[in-house]
Amino acid sequence: RILGAMVSMVLPNLLIPGAPGREGAARPGESAAETGAAWPGLQGLKERLKAAGAVSRRYWTLFICQMRSKDCEEDEEATTEPLAWNLPLLTQRYLDILTMWYCSFQGCCDSGDCRISNNFTGLESDLSVRLHGQHLAQELVLRAVRSYIETPQPGKALALSFHGWSGTGKNFVARMLAENLYRDGLRSDCVQVFIAMFHFPHPKYVDLYKEQLSSQIQETQQRCHQTLFIFDEAEKLHPGLLEALEPHLERRAPKGHRAKTPRTIFLFLSNLGGNIINEVVLNLLKAGWSREEITMEHLEPHLQAEIVESTDSGFGHSRLLKENLIDFFVPFLPLEYRHVRLCARDAFLSQELLYTEEALDEIAKMMTYVPKEEQLFSSQGCKSISQRINYFLP
Ligand SMILES: *[C@@H]1O[C@H](CO)[C@@H](O)[C@H](O)[C@H]1NC(C)=O
């Protein structure tokens, strides 16, 4: 009962990140964490609990009585002794006890925030087991994200740009990232997904969208010290919106020696450069290379040139590219018959259905393969495979 009173009266103001009165509103273009509003983490939690001591003597008495499991009347003298009140002297032991107790009902994690899981084992396994035909993306995404999250003081957000035809796995990988970095995946309040034509459909409202987008990014950063923003159909983003994103991607001088530096990951998904990727891959395959021998060196120069030259999209001309604010361009290769078969197999397995090799072939044959002559690449990749298995159900 007494503990309950403490929770309701003392803790809310001190422990809820971004509680009113503790942080001023972030100035435009300044991320939440730079104004000190990020989730405190375990160390921060202790700091705030320490502050609680100063706020409320009375509740500390009650709390300490509880902890000692003694009759408080009897113990009154000791606890009201001035020194016993001096938290720096009580210190570590009680802070540890209090922290553990807080964690027992709120949940605490290594990351200091249970919403953030950063499971690289899971990510690595998903990328190698569930993603088909994308050896470059598989390697690059894991390496880029892992090293960014493990960097103690990153000076900027991490920006990855995924390129390739539809159905090659760009959304799939974005989802894998959300699921392995956050307990609640895409539903996490640390993750935001924006679909260009869905969230920002009308060019005439671009000024409004810009404001909304900026404040949504800031609010998310205030809630979470590690955030993920996914922009689907990035090739359709209005130039004004790309401009609004710039300040969020720019490099900043690290401030102070805070234990936790906020991290932000931006993913841009687009079909820009899809054609040139396919062309390069086709030529290499025809020249006798195996798919897995294809490296970033083969693709990157062509891909970047193609994106910058694309005339029908603001993305290639945006300062995001010109100022090198995008850290990695990730090519998604066109999928072949054998990959489509694997997608079909996964679709059966995920619904716990039995399948036959014939059914997998049937499904893979339903896709259209291009170019006309070679019939090598599925024009829809693995898109809508899971709907197609319905034809083969008993
Ligand atoms: C990480 O992911 C793997 C594979 O999905 C899972 O088995 C493991 O339990 C996860 N680890 C944590 C700490 O959640």
Side-chain angles (χ1 to χ4, degrees), residues 17 38-46 96 99-152 154 158 160 162 167-193 220 223-230 259-267 269 328 330 332 335 339 341-355 381-382 385-386 389:
W39 180 262
L42 261 190
Q43 195 49 46
L45 174 64
K46 285 185 188 170
D96 287 345
T99 304
M100 267 171 59
W101 163 75
Y102 173 77
C103 289
S104 69
F105 68 88
Q106 185 73 14
C108 291
C109 311
D110 290 345
S111 62
D113 182 344
C114 299
R115 297 168 301 177
I116 298 170
S117 49
N118 289 347
N119 184 349
F120 292 111
T121 320
L123 180 61
E124 184 166 15
S125 145
D126 278 352
L127 285 168
S128 65
V129 175
R130 296 169 65 206
L131 180 69
H132 301 301
Q134 304 298 353
H135 65 288
L136 294 175
Q138 179 190 329
E139 208 258 342
L140 194 55
V141 168
L142 180 68
R143 184 159 48 84
V145 172
R146 180 177 216 152
S147 74
Y148 177 71
I149 286 177
E150 289 175 354
T151 301
L158 174 70
L160 303 180
F162 293 181
T168 50
K170 303 185 297 291
N171 277 287
F172 197 38
V173 171
R175 176 193 294 268
M176 283 177 190
L177 279 171
E179 284 172 353
N180 286 294
L181 299 184
Y182 300 94
R183 179 192 60 199
D184 302 324
L186 290 171
R187 283 175 293 110
S188 174
D189 53 3
C190 310
V191 179
Q192 294 280 329
V193 180
T220 311
R223 281 199 298 268
C224 262
H225 70 78
Q226 179 189 302
T227 47
L228 172 64
F229 300 99
I230 301 171
K260 279 264 177 211
T261 309
R263 288 181 174 75
T264 306
I265 300 176
F266 285 93
L267 300 183
L269 282 48
F328 295 96
V330 185
F332 282 72
L335 296 180
H339 305 121
R341 265 182 117 260
L342 291 172
C343 293
R345 186 205 58 185
D346 289 356
F348 278 107
L349 291 177
S350 73
Q351 297 186 33
E352 299 184 342
L353 298 167
L354 294 174
Y355 63 89
C382 276
I385 288 288
S386 53
I389 70 172

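In each ligand, atom 1 is the first atom listed, and ligand 1 is the first ligand listed. Quick caveat: nothing in here was measured; it's all calculated off a predicted structure. Sequential numbering from 1 along the given sequence is applied to the chain's residues.
Shown here is Arg183, whose CZ atom has more than 12 heavy atoms of other residues, nucleotides or ligands within 6.0 Å.
Listed by chain and number, residues touching ligand 1 at under 4.0 Å (heavy atoms only) are Asn119, Gly122.
Side chain to side chain, Gln226 and Asp113 fail the donor-acceptor criterion of an N or O pair below 3.5 Å.
Test Ile116, Leu158, Asn118 against Ile149 for side-chain contact (heavy atoms from CB on, under 4.5 Å) and you get one pass: Asn118.
Side-chain contact between Leu186 and Ile230 is present, with at least one heavy-atom pair separated by less than 4.5 Å.
For residues 118-128, the set of pairs meeting the salt bridge (charged side-chain N to carboxylate O under 4.0 Å, His left out) definition, not counting sequence neighbours, comprises Asp126-Arg130.
Under the 3.5 Å distance criterion, the side-chain polar atoms of Gln138 are left unmatched by any main-chain donor or acceptor of Leu131.
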